[in-house]
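First up is the structure itself, then whatever we jot down about it.
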Amino acid sequence: MVQVFENKTSYNVVGTRPIRHDGIDKVTGRAIYGADVKVPGLIWGEVLRSTEVHARIKSIDTSAAKKMPGVFAVMVHQDLADPGTETTRNGLQDVDREFFNIMAKDKVLYKGHVIAAVAAIDRNTAQEATRLIKVEYERLEPVRNVDEATSPNAPILIEDLIGDHLGENVANTNIATHFRHEFGDVEGGFKLADLIVDREVSLEMVHQGYIEPHNATVIWHEDDKLTVWSSTQGSFGVRDQTAKFVGVSPSQIRVNYSEIGGGFGGKTKVYLSPIAAILSKKSGGKPVKIVMDRPSVFQATGPAPGGKVKVKMGVTNNGKITAAEATIRYEAGAYPGSAVNAGAICIFGCYNIPASRIDGFDIVVNKPKSAAYRAPGSPQAAFAIETVVDEICENKGWDKIQFRLDNAAKKGTRRGDGVLLEKVGFEESLDATRNSSHWNSPLGKPDNGKLRGRGLACGYWMNGGGPSTCDLMLSDDGTVMMNEGSADIGGTRASIAMQAAEVLGLAAEDIKPSIPDTDSIGFTGTTGGSRTTFATGYAAYLAAQSMVKELKTRASILWEIDETDIEFSNGVFRSTKESELKLSIKELAEKLGVTGAPVSTTSSVNMAAGGNGYAVHICDLEIDPETGKTDVVRYTAIQDVGTAIHPSYAEGQIQGGVVQGIGWALNEEYFINDDGSMANYSFLDYRMPTSLDLPMIETIMVEVPNPNHPYGVRGVGEVPLCPPIAAVGNAINDAIGKRIYEQPIKPGRILDAISKD
Amino acid sequence: MTTNTTNIHIRTKINGQSYEFLAPSYMSLLDALREIVGLTGTKEGCLDGNCGACTVNMDGRIVDSCLVLAAEMNGSEIETIEGMATSDGLHPLQKTFLEEAALQCGICTPGFLVAAKGLLDNEPKPTERRIRHWLAGNLCRCTGYDKIVKAVQKAASDN
Ligand code: FES
Ligand code: FES
């Protein structure tokens with residue numbers, strides 16, 4: 001369902017549902033994903049991973065592996081190129097520590113940490129060779145969570161880490177950063193409050209759970225140029241990061257596009273391509289392919305941070321928020337750089353709060369280095385704030401939508417980090433929720449003895465912008481070839497092409513999108529932050545505008561009239577003076593030769609913020625009081641999408657995000673053993689939702705156009721993951737009359753809560 | 001290549017075509033398809049039977065090809081995603097997956113299509129519950145399953 005809130009311009013292509021351009025290849029098995037790449041002379045790489053959670057490496061003996069028949073090369077950390085200076089190794093954006101994450105030097109910081117790698121004639125031989133590598137460890141005490149990491153005598157993970165604690169340099173710490181956002185009179189605000197609710201939630205790490213494992217294939221050519229294939233959300237990111245860790249300049253690397261089998265933020269970093277590059281070099285330029293196995297994907301690639309989030313909120317008896325305070329402590333994993341920054345920006349993003357203070361802590365623990373996961377940092381924060389808001393409404397008997405409307409973020413609201421909001425669609429989304437059939441239908445009482453509950457929760461994500469490039473080339477038959485630089489994870493070729501088609505008055509099918517290698521398209525940022533349809537779409541829009549301008553010139557040459565006397569609409573150029581002079585783009589394309597050179601245009605943009613995203617979710621669920629098992633029976637996601645370019649794929653983003661969120665709320669977690677290792681590193685034990693666990697996910701797309709995009713696009717991909725943990729939690733409270741502040745809200749916890757009276 | 005590897009002689013039919021080759025005894029059906037026969041439409045997601053990305057049809061049954069040894073292909077008939085479209089065009093399920101936008105990244109799609117075909121071949125009019133149950137061995141992390149279930153329903157109703 002789509003609800004429009006402002007006078008909508010009528011579009012020909014935007015808002016329709018064409019078949020995606022890459023669809024045929026993906027339903028026939030012909031699409032080439034990273035692991036499908038075949039090159040002549042290919043050999044296989046494999047890595048050796050730490051069996052220890054926290055240990056010093058005393059020695060690595062690779063001699064037996066080197067001697068094994070079929071082995072071409074063996075590498076350790078010292079074979080990588082040191083990219084960084086000491087000064088860049090600290091603080092939150094500590095990318096250079098990835099240098100030690102890719103391959104451990106003298107310490108391993110989590111089970112699965114890469115220690116060495118082998119290239120061999122085939123995958124099996126490479127695997128066997130890694131088993132011949134002997135590592136001697138000196139075992140250290142593991143640090144398993146934020147409380148252990150910050151306790152007085154905690155083992156220190158990174159000895160040379162200098163923490164930034166509110167501007168002070170602190171040595172000998174596991175807290176990489178402590179920052180604060182504050183404005184207004186917070187203490188004064190709490191004094192004005194008639195009710196203050198103060199709660200802390202705790203969360204475990206969860207994984208993005210993309211079905212395609214990480215992979216890389218690299219050729220190190222004799223002239224020190226590199227060719228790379230890798231499943232990634234951003235080819236340019238792979239190029240630049242790989243260059244840094246193997247000691248070449250980015251221009252020496254060409255990253256070919258391959259299809260990507262899911263990422264959700266987890267494929268924004270490199271794990272394998274620097275290793276495959278060095279192995280290729282050491283093997284004399286043989287192409288080396290590495291495909292990660294599933295246990296390693298879980299144990300060694302980017303989970304979303306677990307941790308603790310505490311929220312205190314004050315309200316007056318007439319339903320106004322007076323002040324709020326938050327403390328967010330996230331697990332960065334083995335190296336600094338959790339999503340606590342974004343979590344702090346988002347935590348109060350739904351509300352207009354006169355005074356607030358937010359403390360963020362980025363804390364290292366002996367778990368894999370965290371990575372982005374769909375609205376990084378915001379879902380955990382939303383669990384805390386939306387639980388507190390629900391509790392306030394429950395305590396006061398207030399309508400949950402009215403309270404939020406009375407305190408809703410809108411144009412001019414100051415976000416927790418001080419930024420003033422532009423026009424946003426939160427109030428409209430709340431209105432749509434209040435009018436929805438789900439909210440207005442009775443919850444019903446099951447006759448099977450189960451307990452039923454309904455929960456509501458909201459979420460906020462700021463959405464990204466950044467650099468993108470799009471080239472358009474007009475063919476003689478009037479179709480347009482399009483190159484764009486964004487990795488397509490879920491239909492963005494279509495949503496970008498549709499924006500060009502809208503400008504040109506062509507059908508979506510008349511645009512032929514390609515995603516070329518990094519040598520063949522201008523720089524384009526990684527697909528992430530819900531930026532692609534917004535920013536690369538805008539580049540396509542501008543390139544199409546330039547094409548219209550150029551074609552006007554050509555028509556004026558053809559007709560021998562003044563350019564200013566030509567207008568363009570719905571794909572047709574017309575003389576404003578002589579009505580018989582008109583040509584469609586297709587007709588004009590045939591005649592281009594006589595007017596000059598082939599027509600191609602390009603546009604590169606660097607977009608500011610992507611137009612804030614808001615979501616409101618309603619969850620109905622049933623709990624079996626005997627087993628504690630929860631089944632979601634109805635779920636509706638209401639979201640301001642700005643403008644849905646391809647409504648099916650916008651809906652798909654929302655539905656997919658909701659389901660990941662339901663998994664996060666109910667079962668998904670890194671279950672950590674006493675020794676600090678992950679217990680459940682298979683899909684069997686890390687239980688993601690299956691089709692059988694779910695109802696249909698209803699969506700209501702609210703369209704409050706983004707003022708910063710010609711078609712009003714806002715990013716849609718991330719904010720749907722923000723409300724579910726709290727929506728499920730609030731529904732469970734409604735069902736059993738008890739709040740559970742620990743994620744996942746699993747059967748054991750529910751049974752404990754029911755039995756405690 | 002590995003020392004002490006025995007190679008097994010395999011005669012099989014894949015998508016109606018006969019093949020004969022040698023495969024190492026440890027090799028899975030999945031790897032034989034991908035690495036020896038060169039059909040990479042069947043995907044690897046976990047190698048332990050829990051994602052369904054590697055689903056193929058073996059003698060009329062849906063199997064996770066990562067759990068079947070290549071040696072077991074001998075004398076079998078295998079159908080993979082590459083055999084689903086014919087010279088008459090796409091299979092109805094392939095069409096409805098496109099029309100219903102039932103794929104986002106598409107990595108799970110070959111497995112879902114082969115599995116769903118296995119269902120509709122035997123049960124032309126399954127209920128939503130039955131579809132969800134049948135497809136529970138195939139993980140999709142992108143779509144939330146909504147549009148996949150709807151695409152199967154639509155193909156079934158066109159049956
Ligand atoms: S790869 Fe076979 S079930 Fe996952
Ligand atoms: S479409 Fe990506 S896993 Fe299903």
Given a strict heavy-atom distance threshold of 4.5 Å, which part of [X] is in contact with chain B: side chain, backbone, both, or neither?
{"X": "A:Asp293", "result": "neither"}
{"X": "A:Ala31", "result": "backbone"}
{"X": "A:Ile24", "result": "both"}
{"X": "A:Val291", "result": "side chain"}

Ignoring hydrogens and geometry, is there a side-chain-to-backbone donor-acceptor pair from [X] to [Y] under 3.5 Å?
{"X": "A:Arg294", "Y": "B:Leu47", "result": "no"}
{"X": "B:Tyr145", "Y": "A:Pro689", "result": "yes"}
{"X": "B:Gln94", "Y": "A:Val27", "result": "yes"}
{"X": "A:Arg20", "Y": "B:Gln104", "result": "yes"}

Is it true that B:Glu82 and A:Arg30 make a salt bridge, defined as a side-chain N closer than 4.0 Å to a carboxylate O? no

Out of B:Met84, B:His133, B:Lys147, return the one with the most heavy atom pairs under 4.5 angstrom to chain A. B:Lys147

Is the count of non-hydrogen atoms from other residues, nucleotides or ligands lying under 6.0 Å from [X] atom [atom1] greater than 12?
{"X": "B:Arg11", "atom1": "CZ", "result": "no"}
{"X": "A:Phe72", "atom1": "CZ", "result": "yes"}
{"X": "A:Lys38", "atom1": "NZ", "result": "yes"}

I'd like to verify something: which residue of [options] has the highest number of heavy-atom pairs under 4.5 Å with chain B?
{"options": "A:Gly491, A:Pro213, A:Ala494", "result": "A:Pro213"}
{"options": "A:Ala129, A:Pro295, A:Pro695", "result": "A:Pro695"}
{"options": "A:Thr492, A:Asp25, A:Ile260", "result": "A:Ile260"}
{"options": "A:Glu259, A:His646, A:Gln208", "result": "A:Gln208"}
{"options": "A:Ser648, A:Gly209, A:Gly663", "result": "A:Gly209"}

Evaluate the criterion salt bridge (Lys or Arg N to Asp or Glu O under 4.0 Å) for residue pair B:Glu35 and A:Arg123; output intermediate values, then yes/no. CA-CA 11 Å; B:Glu35 303 301 330; A:Arg123 197 176 183 181; 5.9 Å; no

Quickly, which of A:Leu694, A:Asp693, A:Thr690 forms a side chain to side chain contact (heavy atoms under 4.5 Å, CB included) with B:Arg132? Name it, please. A:Leu694

Only one of B:Asp146, B:Val152, B:Leu135, B:Ile131 passes side chain to side chain contact (heavy atoms under 4.5 Å, CB included) with A:Ser691, and that residue is B:Leu135

Determine whether A:Val659 and B:Arg141 make a side-chain contact, defined as any pair of heavy atoms from C-beta on separated by less than 4.5 Å. no

Between B:Thr109 and A:Lys26, is any pair of side-chain heavy atoms under 4.5 Å apart? no

So which part of [X] gets closer than 4.5 Å to some heavy atom of chain A, the side chain, the backbone, both or neither?
{"X": "B:Leu103", "value": "both"}
{"X": "B:Leu93", "value": "neither"}
{"X": "B:Glu128", "value": "side chain"}
{"X": "B:Asp48", "value": "side chain"}

Return the minimal non-hydrogen interatomic distance between B:Thr143 and A:Gln655, and the atom names on each side. O-CB, 3.6 Å

Testing the basics here: between B:Gly106 and A:Tyr33, what is the closest heavy-atom pair and its distance to 0.1 Å? C-OH, 3.1 Å

As an exercise, state the distance from CD1 of A:Ile211 to SG of B:Cys51, rounded to the nearest 0.5 Å. 6.0 Å

